[in-house]
Amino acid sequence: MADIASLDISFTLNGAPQTRSVAPFELLIDFLRDDLGLKGTKRSCDVQVCGACTVLVDGLPVSSCTSLAADIDGRSVVTIEGLAQRGELSPVQQAFVDHAAMQCGFCTPGMVLATTALLEHHPHPTEQEIRHYLRGNICRCTGYIKILEAVKSLV
């Protein structure tokens with residue numbers, strides 16, 4: 001059996017086409033942080049529980065700590081670095097700032113990306129739907145009230 005040292009993949013990253021080589025076993029979080037230098041994606045639990053490593057793949061939240069980089073071949077990936085456009089924060093990022101929902105900031109990229117996906121697919125969610133959608137993102141600081149206020153301000 002032949003040993004495959006690397007795979008060539010093509011994908012869109014934050015709106016820009018990319019072609020790279022990845023190891024078949026390389027995790028998406030390692031590829032983004034170490035190979036591409038996108039440090040906004042946070043490593044935390046490594047078991048798809050906390051949401052700190054959330055990125056959007058084809059518009060849906062994905063835990064990059066349990067996804068293979070090779071699986072983004074032919075797909076579109078958005079990281080927290082891809083949300084601001086021309087120096088302007090996205091509406092979700094601005095709402096988090098305006099409502100002091102940033103707290104320590106560690107969970108914020110995952111929360112912002114999950115919220116972005118929520119509002120893309122459900123522009124007018126109820127508070128229960130917001131809570132349900134963000135249940136995979138854990139904040140270890142003080143709580144979720146400011147985060148909920150930020151999301152609700154966008155509805």
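By convention here, the first residue in the shown sequence is residue 1.
Taking NE2 of His99 as the reference point, atom CD of Gln94 lies at 9.5 Å (rounded to 0.5 Å). Between Glu88 atom CD and Gln93 atom CD the span is 11.0 Å, to the nearest 0.5 Å. Here Leu148 contributes atom CG and Arg131 contributes atom CZ; the two are 4.5 Å apart, rounded to the nearest 0.5 Å. Rounded to the nearest 0.5 angstrom, Glu127 CD and Glu149 CD are separated by 10.0 Å. In this structure, Phe106 CZ and Cys141 SG are separated by 10.5 Å, a value rounded to the nearest 0.5 Å.
Here the rule is side-chain contact (heavy atoms from CB on, under 4.5 Å) with Leu13, and of Thr79, Val55, Ile72 only Thr79 fits it. Residue Asn14 is tested with Leu38, Leu83, Val77 for a side-chain contact (heavy atoms from CB on, under 4.5 Å); the sole match is Leu38. Just one of Leu154, Ile147, Leu118 meets the side-chain contact (heavy atoms from CB on, under 4.5 Å) condition when paired with Ile130; it is Leu118. Just one of Asp30, Asp34, Leu28, Ile29 meets the side-chain contact (heavy atoms from CB on, under 4.5 Å) condition when paired with Leu32; it is Leu28.
Transitive grouping of hydrophobic side chains (ILVMFWY, heavy atoms separated by less than 4.5 Å) brings Val22 and Ile4 into a common cluster. One hydrophobic cluster, built from ILVMFWY side chains closer than 4.5 Å, cannot hold both Leu60 and Leu134; they sit in different ones. No single ILVMFWY cluster, assembled from side-chain heavy atoms under 4.5 Å apart, contains both Leu36 and Val78. Taking hydrophobic clusters as Ile, Leu, Val, Met, Phe, Trp and Tyr residues chained together by side-chain heavy-atom distances below 4.5 Å, Leu113 does not share a cluster with Val57. Phe96 and Ile145 fall into different hydrophobic clusters, where Ile, Leu, Val, Met, Phe, Trp and Tyr side chains are chained together by heavy-atom contacts under 4.5 Å.
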Derivation and outcome, side-chain contact (heavy atoms from CB on, under 4.5 Å), residues Val151 and Tyr133: CA-CA 11 Å; Val151 178; Tyr133 208 85; over 6 Å; no
Cys50 and Arg140: CA distance, side-chain angles, deciding distance, side-chain contact (heavy atoms from CB on, under 4.5 Å) verdict: CA-CA 10 Å; Cys50 74; Arg140 293 183 173 93; 3.9 Å; yes
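Looking at every heavy atom in both residues, Thr54 comes nearest to Ala114 through CG2-N, 4.5 Å. When all heavy atoms of Ser63 and Gln48 are compared, the pair lying nearest together is OG-CG, 3.1 Å. Here the closest non-hydrogen pair linking Asn137 and Tyr144 is O-CE2, 3.8 Å. Shortest non-hydrogen contact noted between Ser67 and Val62 is OG-CG1, 3.1 Å. When all heavy atoms are compared, the tightest approach of Ala101 to Lys146 is CB-O, 3.5 Å. Residues Gly15 and Pro17 share a closest heavy-atom pair of O-CD, 4.0 Å.
At a threshold of 4.5 Å between non-hydrogen side-chain atoms, the residues Asp35 and Glu26 count as touching. Residues Gln18 and Phe11 are in side-chain contact: their nearest non-hydrogen atoms beyond the backbone lie under 4.5 Å apart. Side-chain contact between Pro125 and Val155: present, with at least one pair of heavy atoms (C-beta onward) separated by less than 4.5 Å.
For Gln128 and Thr126, the side-chain atoms include no donor-acceptor pair closer than 3.5 Å. Side chains of Asp8 and Thr19: a donor-acceptor N/O pair is absent below 3.5 angstrom, by distance only. For the residue pair Asp58/Ser76, the side-chain donor-acceptor check at 3.5 Å is not satisfied.
Checking side-chain atoms of Lys42 against main-chain N and O of Cys53 turns up no donor-acceptor pair under 3.5 Å. Proximity of a side-chain donor or acceptor of His121 to a complementary backbone N or O of Gly59 within less than 3.5 Å is detected. A side-chain donor-acceptor contact under 3.5 Å links Arg33 to the backbone of Thr41. Side-chain atoms of Glu81 come within 3.5 Å of backbone N or O of Gly40 as a donor-acceptor pair.
Residue His132 places its NE2 atom among 12 or fewer non-hydrogen atoms of other residues, nucleotides or ligands, all under 6.0 Å distant.
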